[in-house]
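These notes are about the structure you will find just below.
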Amino acid sequence: MSALDFTHDAAAHSWVASASGSDFPIQSLPFAVFRRAGEAFRGGAAIGDQILDLAALAKSGAVHDVLAQQALAACTQPALNDYFALGPPAWRALRHALFVLLRSDAAPATVAAVRACLVPQADAQYTLPTRIGNYTDFYTSYFHADNIGRLFSAANDVVPANFHWVPLAYHGRASSVVISGTAVRRPLGQAKPPDAAQPRLGPCAMLDYEIELGLFVGTGNALGTPVPLRDSEQHLFGICLLNDWSARDIQGWEMQPLGPFQAKNFSTSISPWIVTMDALAPYRTPWSRDAKWPQPLVYLDTPANREQGAIDIQLETWLESGPRRARGAGPVRIAKTSFRHQHWTAAQMLAHHTVGGCNLLAGDLLGSGTISGPTAGEAGAMMELTQAGRTPLRFDRGDGEIEQRAFLADGDAVIFRGWCEKPGFARIGFGECRGEVLPALPLAAVGVGG
Ligand code: MN
């Protein structure tokens, strides 16, 4: 796991005035792919409300370390796969170089050269940070599995026995992963109400979100060569926010007996900024498993994973309805949780993914699975918050009247925020992951009626 070094010093400040106290202080330095309208996409690092344009920086000659130069050259491309493939020493060399260039004690000539490479985030358009070859979505929150299970069963233990042994996942759809800010169209699909004789085709009536983290694979592994748990974090580049949009009515009908298909493949949103594993080093926490549950098999258990395999990433879900937006009332917070509650760590997910020989590629995306905590207010999906719609959310419409939501309505925007904080260290944020729901297409789009 990443070690602490001078880049985690809470006393360090940047000459970029907006950095300290923002989501992106000098201790964070997350990566994205961006452009201004009309320009080519390239890599950037966030600092305060600015982006350090890594293509411009490569041209500036301000970076002298050879490994950092090599890393920087890879960041000038419109996708960061080649940069991710370089591995931890190159990632760390570039992080160290950026930190020194942006630190308050940089020489005036350095500050002038680097300042010329800054682009305001307000002017930026973002795209996916990598060409995502593969997307796998896990199911690793005990509390999520328990909440969902209880909606459909009165049994004592509703979580399947394999949940404690296997970091469960399905292979998702990489082609429909979209960057934050992209609108998400309510899907058409098949659903069968319990009392109906046969299914119907129509717009999803139970549209939901799932708050997750996106884990980006850095260096891949060769087909047939598993990655042992002790090495698996070396293959992770960093983490972003991820919304696994879910059509619950379609899911309920199609997932018998196979995994999610149309219920999930219409869109998955990710936040533009990837916070590196190095930046997350201070916020590691012990990982443990309650003694009442089975402990992991040996290949999913190491002392290092138990000592600091979990990460305390605080997460919030906000909902901005169309009526609230129209009145300028802004979003309401509907849940709050942390990644530290997860039943499996990121390292365990990656190790298990490869145990049978499956090869991960640089730039692949793993979803953590819905992140729910132990209490009702920590639920990671609307399905849990509203008990499958039986207890709708109620919130002020922005004019004193009450709006209700059993599931998402057209015009609703779902916004995720995340951050890490710990005494003695800077607070670092993830920015936000946002998506607004568009109405479904008319049935004529699939050749029905009209
Ligand atoms: Mn999911």
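Owing to the predicted nature of the structure, the values given are computational and were not obtained by experimental measurement. In each ligand, atom 1 is the first atom listed, and ligand 1 is the first ligand listed. Index from 1, following the sequence.
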Side chains of Asp301 and Gln295: donor-acceptor distance under 3.5 Å anywhere?
no

Looking just at side-chain N and O atoms, do Glu316 and Trp318 make a donor-acceptor pair shorter than 3.5 Å?
yes

Do Tyr142 and His341 have their ring centres less than 6.0 Å from each other?
no

Identify which protein N/O/S atoms are less than 2.8 Å from the Mn ion (ligand 1).
Asp137 OD2, Glu210 OE1, Glu212 OE2, Asp244 OD2

I'd like to know if the side chain of Thr345 pairs up with that of Asn305 as donor and acceptor (distance under 3.5 Å, no hydrogens or angles considered).
yes

How about Phe237 and Tyr83: are their ring centroids closer than 6.0 Å?
yes

When the aromatic ring centroids of Trp293 and His343 are compared, is their separation below 6.0 Å?
yes

